[in-house]
Number of protein chains: 2
Amino acid sequence: MSQGNSCVSVVGQQARACTVREALDRVGGKWSVGILVAASQGPVRFTELERQVEGISRRMLTLTLRNLERDGLLHRRVYPTVPPKVEYTATPMALELYESLVTLTAWAERHRAAITEARAAYDREHADWTGSRAD
Amino acid sequence: MSQGNSCVSVVGQQARACTVREALDRVGGKWSVGILVAASQGPVRFTELERQVEGISRRMLTLTLRNLERDGLLHRRVYPTVPPKVEYTATPMALELYESLVTLTAWAERHRAAITEARAAYDREHADWTGSRAD
DNA sequence: CGGGATCCAGTTGGATACTG
DNA sequence: CAGTATCCAACTGGATCCCG
């Protein structure tokens, strides 16, 4: 969510990293993907999102929605009824982004086990024994 | 960097979002990608990283390295010399991840202009005029 | 119903000093 | 050289109240 991207004045290989960050800064947020996924299925209302994206607070939902809207990933449609009705829809650009994420999803699935094991191994090794052996 | 991933007990479409998050949680950090990119070129030392990943602090470099190592994305090799020498190398899994990120990079490049414009438009519209027109 | 405003706790992350 | 430890500022995010 932080927009302070210092991709300027970066040279060489790190320039690649910056471009990646541009994308990550938009979906890196804890809730962005969840919202995007929900909105990709079709227009979705505020309260629906609140239910579908489990664990999100009202505040974060609003904030994330605003950011996604600002970046042109969501379109917000307000029906001037009472009580009010607001629908969020994923833009074509967002759908493309979603498609791009499947590669990442595939990677995560492919290596899920390996990562879990790597962590276990690391934690085993670095078990932080302050007691180094009491004879 | 936060490991508190609540991918459990989530149903339906949101399960997809969770898998994506698994991947994002590993590269979502502000510095992960920068380090990964640098390490993908071959073994790289601590101080080299500190220079190549511009703007990173010593603390964050250490922390991010530890996380990447723990997830099995980096291999850490220590040479018992004096002064000490430590080399970080991207694992095959990390290289695959890097490959997966190019899709995202492509997306970012493709829509960079559109996003910038979307933001400008949004900011223009929500310029927070408390003064609604003084005719 | 769909949010905005506010308050506050927890976390992130930079700067710096110290160590083997 | 390659970290670790500490302090502190900024940001994140939940809870709550209010409003159209």
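The sequence lines fix the lettering, A, B, ..., with proteins before strands; numbering per chain opens at 1.
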Every protein N/O lying under 3.5 Å from an N/O of nucleotides 1-5 of chain D:
| from | atom 1 | to | atom 2 | distance (Å) |
| --- | --- | --- | --- | --- |
| D:dC1 | O3' | B:R45 | NH2 | 2.8 |
| D:dC1 | O3' | B:P84 | O | 3.2 |
| D:dA2 | OP1 | B:R45 | NE | 2.8 |
| D:dA2 | OP1 | B:R45 | NH2 | 3.0 |
| D:dA2 | OP1 | B:V86 | N | 3.3 |
| D:dA2 | OP2 | B:T47 | N | 3.0 |
| D:dA2 | OP2 | B:T47 | OG1 | 2.2 |
| D:dG3 | OP1 | B:R66 | NH2 | 2.9 |
| D:dG3 | OP1 | B:R76 | NE | 3.3 |
| D:dG3 | OP1 | B:R76 | NH2 | 2.6 |
| D:dG3 | OP2 | B:Y88 | OH | 2.6 |
| D:dG3 | N7 | B:R58 | NE | 2.7 |
| D:dG3 | O6 | B:R58 | NE | 3.4 |

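Listed pair B:W31 / C:dT12 fails the phosphate criterion, with no side-chain N or O lying under 4.0 Å from OP1 or OP2.
Put simply, CG on B:L63 is 12 Å from C1' on C:dT11, counting in whole angstrom units. A straight line from CE of A:M60 to P of D:dA15 spans 13 Å, rounded to a whole angstrom. Separating the CG atom of A:N67 from the C1' atom of D:dG13 is a distance of 13 Å, rounded to the nearest angstrom. Rounded to whole Å, atom C1' of D:dG14 lies 13 Å from atom CG of A:L61. B:E50 has its CD atom 12 Å from the P atom of C:dG14, to the nearest Å.
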Practice task
Please lay out, stage by stage, how B:R76 and B:T89 fare under the test side chain to side chain contact (heavy atoms under 4.5 Å, CB included).
Solution key: CA-CA 7 Å; B:R76 180 169 178 265; B:T89 319; over 6 Å; no
Problem - Pair A:Y122-B:E69, side chain to side chain contact (heavy atoms under 4.5 Å, CB included): steps then yes or no - result: CA-CA 8 Å; A:Y122 184 95; B:E69 189 196 350; 3.6 Å; yes
Exercise for the section: In sequence, state the C-alpha distance, the side-chain angles, and the governing distance for B:Y79 and B:V86, and then conclude on side chain to side chain contact (heavy atoms under 4.5 Å, CB included). Expected result: CA-CA 6 Å; B:Y79 297 87; B:V86 179; over 6 Å; no
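Taking the six-membered ring where the residue is Trp, B:H111 and B:W107 present tilted rings, their angle falling between 30° and 60°.
A:A38 approaches A:Q52 most closely through the heavy-atom pair CB-OE1, 3.6 Å.
Counting only distance, with no hydrogens or angles, the side chain of B:R110 and the backbone of B:T105 share no donor-acceptor pair below 3.5 Å.
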